[in-house]
2 protein chains.
Amino acid sequence: MNTVAARPRIKDVARYAGVSPKTVSNVINDFEHVSEQTRAAVREAIDALGYRVNIAGRQLRQGRTGMITLAVPELDVAYFSELAKHVMAEADRRGRTVLIHQTEGVRERELAALHGFDTQFSDGVILSPLSLLPRDLTTRDQRLPVVLLGERPAEGGTDHVGIDNVRAAREATEHLLSRGRRRIAVIGGAVRGRQGTDRLRTDGYRQALEVAGLPFAPGLVVPVEAYHWQDGARAASALLEKEPHPDALLCLNDHLALGALRTLYERGRSVPGDLDVVGFDDIEASRFSVPSLTTVAPDKPDIAKAAVSLLLERIDEPDAGSLQDHVAGHRLIVRESSGG
Amino acid sequence: MNTVAARPRIKDVARYAGVSPKTVSNVINDFEHVSEQTRAAVREAIDALGYRVNIAGRQLRQGRTGMITLAVPELDVAYFSELAKHVMAEADRRGRTVLIHQTEGVRERELAALHGFDTQFSDGVILSPLSLLPRDLTTRDQRLPVVLLGERPAEGGTDHVGIDNVRAAREATEHLLSRGRRRIAVIGGAVRGRQGTDRLRTDGYRQALEVAGLPFAPGLVVPVEAYHWQDGARAASALLEKEPHPDALLCLNDHLALGALRTLYERGRSVPGDLDVVGFDDIEASRFSVPSLTTVAPDKPDIAKAAVSLLLERIDEPDAGSLQDHVAGHRLIVRESSGG
DNA sequence: CATGGCGATTACATCGATGTAAATACGTCG
DNA sequence: CGACGTATTTACATCGATGTAATCGCCATG
């Protein structure tokens, strides 16, 4: 019962169908000059033997695997797992398989993805970086097609897909201002440093304040270690320690916002009575939290679609066309946490 | 600028170091009979050229890749993304790389994982099945080592890792009973059919009722389509339509529970005032929800560790030892939603 | 000094699939 | 009926790494 026939090879199929291995290969790859009759015979042999192409052999020969890699910092950040779902769906539609890779936001692992070390089986990489440095992109091995998501360590070098972070943050802030909020804190924000997502969103926030003629208070910008619930909870606690209290929290992702909501609940602050809370990403949890969360919803299907398209284009024509920067749409979804 | 040197091959390294390709291979694979001198020269050549082994070539020759696949239904179900994190960490510790695969709970895709179709690069698979049938396991290709998580379509056939679902559900139910709850509904439950996780947990629930001398009311068991927030919300709504209302909800995962919490909030029911709510999985969201969620916490690190260990054993010795069934620990974490 | 023995190194074949180029089959036309 | 062109099919080499078995070099021993 333990002795199973070995997986059939292309030559087993050939023998069974009474043709040469190359003819089997031709059938598999839809080469047009194969008679209907042989094609049928080969198909039958394939079915009969349960033959599947050995991808290692194929890759060795033609250097393609039909697989692409999606490398994200953390899968338990819902934005990334939701995005992964869309990317897989889109890739499926295009006849590709997606391998998912977790970098934990560690530069070394992002570099590994960028260089295809752990991902040699992949024809290209969609990478959502956190710690990559500008020079990592310019010194990278240009042979592996790469599309960056979200963060962009430097201008040029790779195709890029993301939303207009500055505008999104400005709009979210304007929403809070229009509700009469004046002391808006930014959880997860960054005032200086790289033009990362945090910095761009903080810039958008500042623009909105400026337009409204309000002063910018650096004390209201609270950096965080990671974009998780507990960091949001902690940041909210810290903000409530100091006087005067903020009257709104602009949280740079939904996990931070949901963590903050919990802290406010524990401290007896009413949302949206005492404070408004806004997040980014529109993860599923935000529709069901109590109160439900106002959030900036990036167009995830569009992001996934653009990323896969750009990557496949690069794979098919490595040095064609100029670098693309696809700006995906976003919209503010107003829910209970800001009076919706 | 676009002309980059091709990725170096083993023979390029050989030429650079002035030795044969096989000697380079020997160095890479830590073959012991290589002089210190040659070894150093080869190492230097490898560094100088930035050589990395081509895994396709290696796999073709030795049939191993050093990669394992984790196939789960949906990454945006937090339990699975959290588990994925632990599996990756453990695999990393053991010097393996994990490829993640999403089956969407579709039998066809689970079969694909089981047969290594999309996962040929992988030495083995850790699969969390939903729709697999018993015969799928017995008729599967025995050459790909497989460890099943959670559901177990049939006795035997593969190694298995999971918690004691019956006992866990019984304990959770006992907890509710001890708080005086008498009309406990089961969201996501199943009274008959395969011995899936849902069925086992429902059985545990029934056992607890029986021990307490309470009647079993089939109307309190509400099946769901999927284990997502919205299904929990919908099921809770349905339960509130009918009289008499339940006084507790045993939800078979945390997403269902959190969705139900939202519905109860919308309908003005107080938790744990009017009803208690309990979930399964202890995802991060449950610590921060309002109210925080009582839940059965499976020992995820233990599950991940056992799964990886069993799989690596099977890979190293395909037909050694009998089939293992590792029962991982669990504990009930009582939080606000049941008076904690 | 010839021989044996052992460690270090290498030549060659091979894993599976497919590109190239050559061979074969088939049909058409003079 | 034979030559030629086109449609199919095939033989062979190749992708990169490594197992096998053979060879080489060196030292100890008789």
Side-chain angles (χ1 to χ4, degrees), chain A residues 5-43 45-46 49-67 116-117 119-123 141 143-144, chain B residues 5-43 45-46 49-67 116-117 119-123 141 143-144:
Chain A
R7 179 183 279 243
R9 310 304 173 190
I10 206 169
K11 73 173 152 187
D12 301 317
V13 177
R15 196 176 311 127
Y16 188 102
V19 297
S20 77
K22 176 64 195 183
T23 297
V24 176
S25 169
N26 284 339
V27 171
I28 295 170
N29 294 285
D30 286 325
F31 179 61
E32 58 180 336
H33 297 302
V34 177
S35 72
E36 238 359 281
Q37 196 179 343
T38 344
R39 195 181 296 274
V42 170
R43 289 249 164 78
I46 289 177
L49 300 179
Y51 170 77
R52 306 290 313 198
V53 179
N54 176 317
I55 306 185
R58 169 179 284 177
Q59 184 190 18
L60 198 54
R61 187 64 244 224
Q62 50 181 25
R64 289 282 179 85
T65 61
M67 306 195 180
F117 288 177
T119 48
Q120 283 188 39
F121 288 126
S122 168
D123 297 336
D141 179 343
R143 272 162 281 123
L144 182 71
Chain B
R7 179 182 279 242
R9 310 305 172 188
I10 206 169
K11 71 172 151 185
D12 301 317
V13 177
R15 196 176 311 126
Y16 187 103
V19 298
S20 76
K22 176 66 197 186
T23 296
V24 175
S25 169
N26 285 339
V27 171
I28 294 169
N29 294 287
D30 286 323
F31 180 60
E32 56 180 337
H33 298 303
V34 177
S35 71
E36 236 2 279
Q37 197 180 343
T38 347
R39 194 181 296 274
V42 170
R43 291 249 164 80
I46 289 177
L49 301 179
Y51 170 78
R52 306 287 314 197
V53 179
N54 176 318
I55 307 184
R58 169 180 284 178
Q59 184 190 15
L60 197 53
R61 187 64 244 227
Q62 51 180 25
R64 288 280 181 86
T65 62
M67 307 195 179
F117 288 177
T119 47
Q120 284 187 36
F121 290 125
S122 173
D123 298 336
D141 179 342
R143 272 161 281 123
L144 182 72

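Residue numbering restarts at 1 for every chain, and letters A, B, ... go by the order of the sequence lines. It should be emphasised that the depicted structure is a prediction, and the values quoted were computed from it without experimental measurement.
A sub-4.0 Å separation between OP1 or OP2 of C:dT9 and a side-chain N or O of B:Thr38 is present. OP1 or OP2 of D:dG16 has not a single side-chain nitrogen or oxygen of B:Arg58 nearer than 4.0 Å.
Regarding A:Ile10, its CD1 atom lies at a distance of 14 Å from the P atom of D:dA11, rounded to whole Å. The separation between B:Glu36 atom CD and C:dA8 atom C1' is 13 Å, rounded to whole Å. Rounding to whole angstrom units, CD of residue B:Gln37 and P of D:dG25 are separated by 15 Å. For B:Gln59 and C:dC15, the CD to P distance is 15 Å, given to the nearest whole Å. D:dT23 atom C1' lies 15 Å from atom NZ of B:Lys22, rounded to whole Å. Distance CG (B:Asn54) to C1' (D:dG16): 6 Å, rounded to an integer number of Å.
Checking C:dG19, C:dT10, D:dT9 against every side-chain atom of B:Asn26, the shortest atom distance belongs to C:dT10. Checking D:dT14, C:dT10, D:dG16 against the side-chain heavy atoms of B:Val19 singles out C:dT10 as nearest. In this structure, the nucleotide among D:dA17, D:dA13, D:dT9 sitting nearest to the side chain of B:Tyr51 is D:dA17. Among the nucleotides D:dT9, D:dC15, C:dT9, the one closest to any side-chain atom of B:Phe31 is C:dT9. Here C:dT9 is the nucleotide among C:dT9, D:dG16, D:dT18 with the atom lying nearest to any side-chain atom of B:Thr23. Distances were taken from every side-chain heavy atom of A:His33 (C-beta onward) to each of D:dA7, C:dA17, C:dA8; the shortest belongs to D:dA7. In the set C:dT18, C:dT9, D:dG19, C:dT18 carries the atom at the smallest distance from any side-chain atom of A:Gln62.
Between B:Arg7 and B:Asn54 there is no side-chain heavy-atom pair separated by less than 4.5 Å. Counting only heavy atoms from C-beta outward, the side chains of A:Ile10 and A:Arg58 never approach each other to under 4.5 Å.
Residue A:Arg9 holds its CZ atom at 12.0 Å from CZ of A:Arg15, rounded to the nearest 0.5 Å.
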Next item on the list: Carefully, step by step, assess B:Val42 and B:Asn26 under the rule side-chain contact (heavy atoms from CB on, under 4.5 Å).
Entry: CA-CA 10 Å; B:Val42 170; B:Asn26 285 339; over 6 Å; no
